[in-house]
Structure formats: structure tokens, C-alpha cells
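In what follows, a structure is listed as C-alpha cells, so that the remarks can point back to it.
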Protein chains: 4
Amino acid sequence: MKRTDLALEVRESIPEDNKEIQGVVLEKNTDEEKQMEITKVLIKDAQGAKVMGKPIGTYITIEAWALEKKLESYYDELVKTIKDYVEELAGGIMDKSVLIVGLGNREVTPDALGPKVIDELYTTRHLIKEFGQEFKEKHGLKTMSALAPGVMAQTGMESREIIKGIVEETRPDLIIVLDALAARSVNRLNCTIQLTDTGISPGSGVGNNRKALNKDSLGIPVIAIGVPTVVDADTIVEDRMESMLEGQGFSEQEIQSFLDELNAHAMKNMFVTPKNVDEAVSQISSILAEALNDCFVPKAV
Amino acid sequence: MKRTDLALEVRESIPEDNKEIQGVVLEKNTDEEKQMEITKVLIKDAQGAKVMGKPIGTYITIEAWALEKKLESYYDELVKTIKDYVEELAGGIMDKSVLIVGLGNREVTPDALGPKVIDELYTTRHLIKEFGQEFKEKHGLKTMSALAPGVMAQTGMESREIIKGIVEETRPDLIIVLDALAARSVNRLNCTIQLTDTGISPGSGVGNNRKALNKDSLGIPVIAIGVPTVVDADTIVEDRMESMLEGQGFSEQEIQSFLDELNAHAMKNMFVTPKNVDEAVSQISSILAEALNDCFVPKAV
Amino acid sequence: MKRTDLALEVRESIPEDNKEIQGVVLEKNTDEEKQMEITKVLIKDAQGAKVMGKPIGTYITIEAWALEKKLESYYDELVKTIKDYVEELAGGIMDKSVLIVGLGNREVTPDALGPKVIDELYTTRHLIKEFGQEFKEKHGLKTMSALAPGVMAQTGMESREIIKGIVEETRPDLIIVLDALAARSVNRLNCTIQLTDTGISPGSGVGNNRKALNKDSLGIPVIAIGVPTVVDADTIVEDRMESMLEGQGFSEQEIQSFLDELNAHAMKNMFVTPKNVDEAVSQISSILAEALNDCFVPKAV
Amino acid sequence: MKRTDLALEVRESIPEDNKEIQGVVLEKNTDEEKQMEITKVLIKDAQGAKVMGKPIGTYITIEAWALEKKLESYYDELVKTIKDYVEELAGGIMDKSVLIVGLGNREVTPDALGPKVIDELYTTRHLIKEFGQEFKEKHGLKTMSALAPGVMAQTGMESREIIKGIVEETRPDLIIVLDALAARSVNRLNCTIQLTDTGISPGSGVGNNRKALNKDSLGIPVIAIGVPTVVDADTIVEDRMESMLEGQGFSEQEIQSFLDELNAHAMKNMFVTPKNVDEAVSQISSILAEALNDCFVPKAV
């Protein structure tokens, strides 16, 4: 089965002649000057959610395909772009207080994105508690706390349990969750950022609230920010084969029979990454951290 | 001011002619064969707590001074000794469910002890939730969850807030907290383990429950396990000078005047560690993790 | 193009009806009890070298497919097996002095195998120089030195240049080179060890001595020990597609035309690894280090 | 015995009434605006070398005591200052080719400075060999190679042996050696850079060329750049005690008797570092790497 966590790629996988999907709005905006491509997928109703297999809400994808050139000005532009969309999704809530959660396992390189971002944040909640409202206003701070809880195999607890407990104890007004994602296209690895106001909903996005991190399960708004760092190895084989077979004029049915054959020999837990995955994950993590710091903590502190 | 987190060293600092302190019982037990020294300090009442500056309870110190020889049999003996004292302090609670918390900052070597132990634990709570009571009994498991929350400068939250939230959400029956300590003697660094049923009480141990991690603040029993990984630089200068001046026959008053002079030029945030602190902290962390795994997860899993 | 660094996989890729290749001897030895499979590929002459695209010599492959079970007894067996084959390939030279070189980039997880092994070796050359022949004999030591030079992008120098300079200055009698390899089969990742007396010969193994690390280029015998840690992403797509097309009865020519199409869209620098690659590389590195330490430094030191 | 690797601190330790030392010239230059203090110690003849216990040559110390404020403009100024003094010491040789060597053990935080700098260099030697003289001139490159050989306990070889072999094989015209140093003053840790054209001469600086890295032992000029990252624990105790005793009016003889007593109880392998040593070493390593990259590789590449 082809696996992707990007709403954009789910939308792309729906055939051409079906361009208008009821309940789903697509806005593409290639900014040639900025060398970025911004796509918004709006899932507007239950019909759209069913077709897309994802909850109703807004999904913004920033494709920063010039990131590999390592230009400082491009970094700055990307930081600013991410910051703007975080603010757009958060609305006025941001002025209250935010808990930022970095999901993932810091010992597994492509999964370490969340913890790496958390490592570079400047939290302020404890300072504001200690030095008071005047201090907060003088420095233009917002209240930010942060946590990298680790994965269930490390903690023995669901991320939802850990976060819910902390939310009830520390009472933030907004949660931002960071996570590494899987994409279908290798070209999107480590240079694509998806932001959504739907939180994180494993599986089909319908039901299964036990693991979900969203307003339903946590009681306050949840923004999820994700970056694809791997492609599933089976997905890449299937994708390549499918496009080749289509190019060769095979029928849809024949193609399906090939793919079924393939799936019978699936590789479990095998992922495609670029060779420089350690460096690439560090780079995009730093960019996300800088964008979030810019949202909540002015430079001068 | 001389700083130590070891009850044993506080007890040692009280002058000879005062050997019997009311409310404090000292049991020393040098095991020549095992090449370990076990000391129990029992603080029995408010009088003892006041003199010692620590809460009422039991403090067990294991000095494993042959650890540097790196003998496998000695490791095994130490693991077993730690396991036995954890079980002694925990009593029957261990059979219920435990949350193990590794305090400290994983980016600061001498402070990374707690997170390093957590990294090597085999948690079971999620497995038992998934596979049920039968699975638990078949493998002789106990219910263990674990977290390394990070320090306040990283999270913006007190450790107490994070742990309290998680305790209320996941309902363990016992907490074990791991932390790096400061000692007075360099000979005790990275080879001494203090176990106590009093939890962690910053400051004088009286009042200040805001930061304390104990039964009062968390609602369930808290065992603290600590290992000294640093000596405060001012403490070492003061200690050396004091013992030298005593040896030279100076009066107590003269000595005090020297020490006051010293304190006027205190070094802030300077610590004494052995050169191999990275390796030594990793070694003792692995030993603690193995002892805790042995408590809760039998080898065969 | 299908890429593999394992002589065994090159041999496997040659069609069935061609089982006897002139100049190439294949010995397979599945040890059911040990749960390992040992294969020897002997390339005996120029004809065999041409067909195989590898230099004349002995290639031993140990497939330790039960490694994932993490049994201590299996580790010990594997350590002993590797040690035995190192001694077989080294012959009497081992009693003289050895330089162990860990190739690869320690910042890139699947490439860090070599440096990780070096980190765990107990070198003896400096001790023997300081304490003399008597010390050496008393402890049954052999003379071992070690280096992880880094890759050319880090050093600006060929590994051959660095090693050749050190060889001329320190005069070892044998070199053992460790390196991460690419395989075709994902099942062989991080659990397969190839040992060869031909050193390392990039490219076709014919000519190109500029980068080669072998007796020709370095003047002393070179044993190479490699472990596959990645599969090239294009290789995996091609392999899967080829086997599927064969199963569907396509002609060799049709298959080739599909593969040409595939190659036109090759993914550059994309690799397949298991998700736990960090842990798996650490595990096999420790096993290799233990085997090499056992060869040169008896346990008791 | 008081230990320091800084020529500046050796000079400071010579009593006041002896201000003019024959054969030693001291130039201090506090740049209030830059918030840096630059000191040059010139050892001009054998008499000066004997008094100072260091070889004849130039020792430049940059004290960047405002580094802790973490201002970007101050970083830039410091990078430029280091670059200028490297160029001053190197003279015209820099236009030829340079080998940069990072001494120290990357597993031991305060000793990891050298390897950390090497990790951030952009080497060019291999590029120039591949793309030729035209490429070099077009991009304004100089020929730079780099190595972090590890310490003798890791390699079994003297650093001098490794470097000498590589020098003879790759023929650079200049060596720059980076190393972590010990200071006497905790205030100088991780914010002081010493540059010298005398290379590295362990011990008294007289004789003992076996371990020295200098023009005598390597055949080409050697610039050493060092940063103090630790204070020896005995040194700090001795220093504090000495200054206190002097303040209390003790005679020189009495003080000496106290210090002898102290030395009888020396702590071996104990060092004083600030708690944030991991972060501080990373910061100054990045600054050194940027200065060296600026010397040899223009920004635009």
C-alpha cells in the first residue's frame, strides 16, 4: 500500500479526470522568486474527509526545493514563511500560552526531528512565572513550554497520555506538535513542511482517538507541523513500477495484479533516505526551531 | 558553603565529639569480600532532620570503590546489590506499577545520568496494556513506564508539574527518580549510589515543596536514586584548605576567617570532574539501568 | 545498474544454467546449529576476476541471520567465528604487527561502521613501545594500532594517501580495513560480514589503483572486513521489478527495456535502510571490535 | 605544581618586582571597543626560553571575555581577529598549502575541541586535485587538508608519527595544529585563544622532541592554536590558597610549607570546568572553524 502522511500527496494520487473533488479545495501557489511552492488543501466536509482519508481542516505544504543550496538568505525566507503560516493557523491563541511537543525517537535519525527542534527552543514559561507579567511585557515574550516525551517503546506510555497529563497540570491554550513524516516522493524529503490545524490522527483519520492528538482528545487546539524524512521502501518500489507500467500501456487491471504480487513480498520496516539524512534532519530542525522561537520569543532576549 | 547531596557526607561533617546525634542512626557495613561499603543513615525524627538538614527517612549509600577496575563479576555484584536495596525500599509496592523518571539535562555530561538510565530501560506498561494480564504473568513482568522530562530551562516547566500530570493520567503506584548529585569527596564520584525513600527535596529539606518530588507533592511513594558526578569547585577548595589548616594547628575561629575570605571570591558554576567523566557516567548509568530492569523485567524477555 | 559490494551476491546474480564458472569456486556451508551460513567465493584466475568484476582472492561471507534475536550466546559464537576467519586470512602475519583502519564518515549513520569499530579497540602498540618486549610477552599481546581517518570530503586527502604515509612511518606488517558496504538484499543488512584478503578495490577491481587499498598500493597485505548497511534505492526497485517481471513470463528483452526506462529516472544518493539502522550499526560494530580485540589483546588485560 | 599551557599565565606568575625579564617582551593591548584583550609574549632568546619554560617564538593570546553574551556581531569580530593573527603568523606560506590537525579525544568533552573544529572545515585539496588550477583560481581557494587523528590511547601511535607520515605523503607547506589547553584562571576557560608559531612542545619545551609537533620534528612550519577548556583541580586549590595566605601576611616560606602539604594529597586526573562545558566547547570550536575557513575558503563556495 502506498503510504504518505502529506495531504498534498494524497490529493495528487487522485486521478486527473477527477480533478474536482467534492469537499476538497486545492490552492497552489508557486513563488518563483522565493523558490518555494505553497499548497493549501482544505478539507471542508465529511465527504472530502472520506475521499482524502484525513480529518476536516486546513493542510498547508511548503516545498522549499532550493534548500540544498544552503543559502543563508533562503533559510531566512523559509523561517519567515513558516512563522507566518504558524501564526495564520494559530490565530489569536498564540498570544496566550503554548506547549510545543516534539514527537519521535531521538536515537533514530529520521525520527529525531521532533526532539531536535525541542532542543533548540527558548522556553519562557518558567521565566514569566518567576519574573512576572512586567518582565513578559518588557521583553515582548509569549508563554512557551516544550517537551520531547519519547516514543511508546521508550516510555511505556502513549504520547496522548503524557501530553494530556501535562496539559491538565500546566494549562496551555494551544499545542503545537512536531513530527517526522513519510512521503511518497524522495524529492520532498527534508525540504517540505506540512502545517495543519487538525493535529495528528493516526490511521484513517476516522475514529481511533486513542492515539490521536487533537482538540477532541486533548481539549485545546492542536497544530501539527511535520516534515517527511523517509519514504517507505515498498511505496517507492510500487510507485516506480506503477508509473513505468502506465508508461508502457498496461491496463489498470494488469497493473493491479502486478502490485498485488509485489505486496506479497513486502519489506517490513525498510525506509528510503538520502545518504546525508543526519545532516538534512539537523538542518530542517534548526529552521523549524528558529521559526517557532521567532513566533514566541523576540530576538533581543 | 560546602555542598553535598549525600546524607553520608553530611553525617561525616559533624565533628567527632558529637558522634551520637539524637534522631540519627548510622550503620556502616564494609563488605571486604564484595569490595563495597554500605552505609545506612536513618533520620528518625524532627530533631535529626534539623541537624542533618534532610527529611526523615532512610538513606542508603553504596560505595563501589573497585568499579574502576572494570571487572565483569564486580559489575554483576553491584547490579545485584542495587536491585536488593531498591526492593528493600520499595517493599511490596513494586509488584504494582512503577514510573521511573530520569532527571537532568542530557546535553550536559555530568547531568546526563538520569536520561542515560532511561534510554536503557525496557518499559512494559504498553505491552501489558496491549497483551493483557496473562502475558504479564507468563513473562513475570511488572508494570514499568519511564520518562526523561528534561530540565526547567529546556521545558519551561517544573519537573514536579510534568510528573504530577503524568501520575494523574497514568496512575502508577510508585515513582523512582534518578538524578546526578554533587559530593564533597572526589573519590566518591561516579562510583557511589545513594538510595532514599524520601524522594528529592531541594534546599534544606524543610518547606519548599514547590520543587520537591516526594509523597507529599506527588501523592505516591517516591524513591530517589542518585550518583555524585561532580564536586563543586568552591567546596573542594574550602575542604582542602580546612583540612590543611586544621593540620597546622589553627584555631576554629582563625579557620573560619580564612573561609569567609575564600567565599568572598567564589567561582560560580565551576565543577570538578574526572577527565573521563563521559565514560564514567555512561558506565554507572548502564549499571543502574540493568539493576532496574532486573527489578521489573526478567532477563528472558 | 544493480550495485552490490558482496562477492556472494555477484556470484548469485549469474544465472542458474551457468552454475560452474571457470576460475570461480563456491563453497557454501550452512551451519544449522550455529544458525549461520558461511560462504567462500574463491576467485582463482584472471578469467574468474573478469566475470566477477573483482580481484583474484578469497571472499568469506558470514550471514548471521539470527542476530536480531539479541541472544548473548549467539553474539559470542559470532565473535568467535569472525576471529577464526580473520586468523585464517591473516595466517602467521598476525603475530607481527597490525594497523586497523576504520573507513567511513562517523557523521553518517550507515557509513559510521568503520569509525565505530575503531572507537572500541584496545590498541597496544604504544604500550609495547613504552613497557617493552617483556610486558608484551607477559600479557600475550600483539602489536595493534588503529585509525579512523575520515572520508575525503572531510580530509581533502585520499584514504590511501593517509594510510600509506602512516604505514611508512610506523611500519606495520598487516593492515585490516573496515568499511560499510552496499548489498542487494535487504535481509543481509547489518547481519552479514564479508572478509577478504584482496583489500578494497573501488570500481571494477581492475586498474584504478589510485583509490585501491591493497598489497599493490600499500606494500603490505591488506584484509578488508565489510558489513552491508544499505541497499541502493535504485537497486531495490530494479531487483523487485525484475523478479516480478520474470514471474509474469516477460522475455529477457522486454525486461531489459523496462529496466532501461527505470534507469532513466534514477534516484541519486537514495538508500534503503531499516528504521533501526543506528542501533543495528552499533551492534555489529561492537561485535567486530570484540572479535578484533580477541585476535590481538587477550581478555585479561 | 601549578599548571598552565598559556604563555600569558606563565608570564603573569613571575613576581612583580621582576617585571622586566631578559629575553621576554610583553605587549598588552586591551581593545575596549572590541571588548577583547590581545597580549603578545615574545620569547626572544635562550635566556627567555629558560625563564618561561617555553621555546623561542611568538605567543598571541586573544581574551574574548564578552563571548558569553552570545552576540552575533561579537562572534564576527572574534572570527575576524583570529583570522588576522593566523595570517600574521603564517606569513606568505598560507598561499601554498596547509594541513590542519585537530588533536584530542572526541569522546572527552573538554578534550574534543580539535576534532570538533576539523568537523566543520571545508577542505579543498581533493577538489583542487580533481578540478585543477583554474578551478582553484576562479574560486580564490587555497589548498587545505585536515585530520583529527585521535589520541595515543585510541591509535597506539604518537600524533607526531601519524602527522609526519601524512606530511611526507601529501607534502603540505604549513601545519596548523588545534588543541585544548589547561589554564590557571577559570575566567579564561573557553573564551581565550592562544596562537603561536612554535608548534606544540610538551613538557618544559626543552628537549623531548619525541612528542613535539614543530618545525624541528615535522620539517615544515607549525602554528599551534589552543583554547583552555579546563583548570587542573590541584592548580585551582593551590592558587586560591596561595592568594589567600598572601593576603593574610604569611611569609613565603610558610606558604611554601602549606603548598608542600597540599601537593602531598594531590588529586589525580581531576579537572575544573564550567557546567556548560559541552556547549562552550562547541561554541568556540565553531568560531575557530569559521576563522580557518575564512582564511582558506572564500564564503561564496
Side-chain angles (χ1 to χ4, degrees), chain A residues 97-102 105-108 112 115-130 136 141-172 210-211 217-219 289 292-293 296-297, chain B residues 97-102 105-108 112 115-130 136 141-172 210-211 217-219 289 292-293 296-297:
Chain A
S97 79
V98 65
L99 167 63
I100 302 185
V101 177
N105 183 343
R106 65 169 73 240
E107 307 293 324
V108 174
K116 273 173 179 285
V117 174
I118 298 300
D119 286 349
E120 297 188 46
L121 294 179
Y122 300 120
T123 59
T124 58
R125 180 175 172 277
H126 59 305
L127 299 174
I128 292 166
K129 279 188 92 168
E130 188 171 353
K136 180 182 176 183
L141 302 176
K142 287 160 190 171
T143 300
M144 189 219 282
S145 53
L147 190 81
V151 297
M152 194 164 65
Q154 295 172 311
T155 64
M157 300 178 278
E158 308 262 12
S159 298
R160 189 194 47 68
E161 294 177 298
I162 295 171
I163 298 167
K164 194 167 175 59
I166 291 171
V167 164
E168 302 207 337
E169 192 68 27
T170 67
R171 300 282 169 200
R210 195 175 58 98
K211 285 169 183 283
S217 69
L218 295 172
L292 290 168
N293 281 329
F296 300 104
V297 191
Chain B
S97 79
V98 64
L99 167 63
I100 302 184
V101 177
N105 183 341
R106 66 169 73 238
E107 306 295 323
V108 174
K116 274 173 179 284
V117 174
I118 300 301
D119 286 350
E120 297 188 45
L121 294 180
Y122 300 120
T123 59
T124 58
R125 181 176 172 275
H126 59 305
L127 300 173
I128 292 167
K129 279 188 92 167
E130 188 170 354
K136 182 182 174 182
L141 302 176
K142 287 160 191 170
T143 300
M144 191 219 281
S145 53
L147 190 81
V151 297
M152 193 165 65
Q154 295 172 311
T155 63
M157 300 178 277
E158 308 262 11
S159 298
R160 190 195 47 69
E161 293 177 298
I162 295 171
I163 299 168
K164 195 168 174 59
I166 292 170
V167 164
E168 301 207 338
E169 192 68 26
T170 67
R171 300 280 170 200
R210 195 176 57 99
K211 286 170 182 281
S217 69
L218 295 172
L292 291 168
N293 281 329
F296 301 104
V297 191

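We name chains A, B, ... by the order of the sequence lines, and we start the count at 1 in each one.
Neither the backbone nor the side chain of B:T124 comes within contact range of chain A, judged by heavy atoms closer than 4.5 Å. Neither the backbone nor the side chain of B:L121 comes within contact range of chain A, judged by heavy atoms closer than 4.5 Å.
When all heavy atoms of B:M157 and A:I166 are compared, the pair lying nearest together is SD-CG2, 3.6 Å.
Shown here are the side-chain contact (heavy atoms from CB on, under 4.5 Å) partners of A:P172, two or more places apart in sequence or in another chain: A:S97, A:L99, A:V167, A:T170, A:I220. For B:E120, there are no salt bridge (Lys or Arg N to Asp or Glu O under 4.0 Å) partners two or more places apart in sequence or in a different chain.
Interatomic distance, CD of A:E168 versus CD of B:E169, reported as 6.0 Å (0.5 Å rounding). Within the model, atoms CG of B:D119 and CG of A:N105 stand 8.5 Å from one another, a figure rounded to the nearest 0.5 Å.
Salt bridge absent: B:E161 and A:R171 never bring a charged side-chain N and a carboxylate O closer than 4.0 Å.
Not one N or O on the side chain of A:T155 forms a donor-acceptor pair closer than 3.5 Å with the backbone of B:S145.
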